[in-house]
Every structure is written in C-alpha cells, then in structure tokens.
Amino acid sequence: MRSFSVKTALILATLLASAFIWASCGDDNGTTPDGATPAATTPDGSTPATNETPAGVGTPQDFEGSLEPIERTFEQGVLPTALVGVAGANQTLWDRLVFEFQAGAPNYRIEYVEPPITDCGSGEPIEVRGEAFIQVRMFPAQAHDLEGQPTIESTRIEQNGPSMVEAVQTCDFEGEVIWVLGVTEEVPFRDFTLLPGTFTWQIVVDTRHP
C-alpha cells in the first residue's frame, strides 16, 4: 500500500509540473484576437524578437521611413508559406500591420500603387478606404489550406488610424498574397521581420503619422 501511495504521489507531482510549464508557455505567447502573435518592436514598447532576423532586416530604432519601394528576398523552397494571422495596431507615432506566417517568411515587395485597386484573379474593383495606397505583395505564399479554406479570420482590417485607415487582401492566387493598405496621404513607411516562435515569422509594416 505504501509503495502505491508513493507512485501515485510521483504521478501527481509530474502532472502538476507539466500543467505549470504549459500555463507558463501560454502566458508568454499571447495572441491577438485574430490569432496572430502581437508584434514585437523597438520604440513603441513591444517585445523584441529573441531569434536572429535575416541580415539587413533588423528591428529599427528610429522611424525615418521611405516613400520608395522595398523588396526583401529570403532563401526558402518553392512551396508557399501559409499566412495564418493579420493584426493591426495604432501607435503613438505610426500605425502598424503585422502578417504572421508559418514555416518561413515569404519574399515580399512593398510600394505605393495607383488606383483602381482590383482583385488579382477576377480583375473586379475592390474598395479600400484612403487617399493613397501601399501594396504589400508576398510570394510564394497563400492564405488558404489544402482544402481551399481561409487560414485567416478576415481579409479586411479596419485601422482608422492617423495614417493607416484600412487594409484589405486583394489576392490569394497562384502562390501570391497581396494586401493593400489605405492611408490618409503618401506617408513614409518601413518594414522589418520578427521571429516570435520556432516556426512562425512576422512581417511588420509601419506607416508614419502625417
């Protein structure tokens, strides 16, 4: 009887320790309402990435930004990486949109584009609020699973910030995912990448307030 009690106590102790570790991990990896891990940052007080970011794409300390196109290329396979979360936030000096991917970061290009804004597949016009428009093209990437079901909760994010007012997905077709950010005027933007988890990447786009 005594040996059975000792064994039971050991099992209970193991289960309690596992529950404590699980709860601790959950607290450290909180998610936004749409499933994306909160953006890390620099000046605005979010948590910096603990993993190494690609060379030349570190976390910026000062927000000068640019109006010129930005293009980043990463070494990865030809299979699309999955977009699993999109989250927005309004900071003191800029507005932010975060794209979260599983299994690596896609290549991407960010630039101002002229309206009309259209769906990449059908060519039909898509309404995006704003006076100027920033396109974020990510490839190879997809926002759907093998059954064709969306891997994100919404394809439209209401920002209503001083610079970024709305963000809309305009493409999920043939290995490309495109989002268009509607802004109040042509404001400087910046980008950087973060690795909040072992198998997740975040692409962060900030637009400076006018």
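Since the model is a prediction, treat every value here as computed from it, not as a measurement. Residue numbers count from 1 along this sequence.
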query: With a 4.5 Å limit on heavy-atom distance, are the side chains of Thr207 and Trp94 in contact?
result: no
field: Donor-acceptor under 3.5 Å (Thr81 side chain, Gln102 main chain)
entry: yes
- prompt: What pair of heavy atoms forms the shortest contact from Asn107 to Pro140, and how long is it?
  reply: ND2-CD, 4.1 Å
Any side-chain heavy-atom pair of Phe189 and Ile70 under 4.5 Å: yes
- prompt: Going only through I, L, V, M, F, W and Y residues with side-chain contacts under 4.5 Å, is there a path from Phe101 to Leu181?
  reply: yes
Pairs under 3.5 angstrom only: tabulate donor-acceptor contacts from the side chains of residues 109-117 to other protein residues two or more places apart or in another chain.
unit_1, atom_1, unit_2, atom_2, d
Arg109, NE, Glu111, OE1, 3.3
Arg109, NE, Glu111, OE2, 3.1
Arg109, NH1, Glu71, OE1, 2.8
Arg109, NH2, Glu111, OE1, 3.3
Tyr112, OH, Val187, N, 2.7
Tyr112, OH, Val187, O, 2.6

statement: In short, Trp179 meets Ser154 closest at the heavy-atom pair CH2-O, 3.7 Å
Of Thr184, Asn160, Val183, the residue whose pairing with Arg129 passes side chain to side chain contact (heavy atoms under 4.5 Å, CB included): Asn160
- line: Smallest heavy-atom separation, Ile126 atom then Gln169 atom, equals CD1-O, 4.3 Å
same_hphob_cluster(Met164, Val180) at 4.5 Å side-chain heavy-atom cutoff: no
Single-linkage hydrophobic cluster Leu97~Val128, side-chain heavy atoms < 4.5 angstrom: no
task: Could you walk me through whether Arg208 and Gln91 pass the side chain to side chain contact (heavy atoms under 4.5 Å, CB included) test, one step at a time?
output: CA-CA 9 Å; Arg208 196 170 74 190; Gln91 308 293 343; over 6 Å; no
task: Calculate, to the nearest 0.5 Å, the distance between atoms CD and CD belonging to Glu131 and Glu186 respectively.
output: 11.5 Å
- prompt: Closest approach of Thr151 and Gln142, non-hydrogen atoms and distance?
  reply: OG1-O, 4.4 Å
- prompt: Closest approach of Gly182 and Phe133, non-hydrogen atoms and distance?
  reply: CA-CD2, 4.0 Å
- prompt: Would you say Met138 and Ile203 make side-chain contact, with heavy atoms under 4.5 Å?
  reply: yes
- line: The residue among Ile134, Leu93, Asp95, Asp206 that forms side chain to side chain contact (heavy atoms under 4.5 Å, CB included) with Ser163 is Asp95
query: Are Ile152 and Ile178 linked, directly or through other ILVMFWY residues, by side chains that come within less than 4.5 angstrom of each other?
result: no
message: Count I, L, V, M, F, W, Y as connected when their side-chain heavy atoms are under 4.5 Å apart, and connections chain through other members. Are Tyr108 and Val177 then in the same cluster?
response: yes
field: side chain to side chain contact (heavy atoms under 4.5 Å, CB included) assessment of Val205 paired with Phe99
entry: CA-CA 8 Å; Val205 182; Phe99 303 96; 4.3 Å; yes
Note, Glu166 side chain near Glu158 side chain (heavy atom, < 4.5 Å): yes
message: Does Arg137 qualify as a cation-pi partner of Phe139, given the criterion of NZ or CZ under 6.0 Å from the six-membered ring centre and within 45 degrees of its axis?
response: yes
- prompt: What are the two closest heavy atoms between Glu127 and Val168, and how far apart are they?
  reply: O-CG2, 4.2 Å
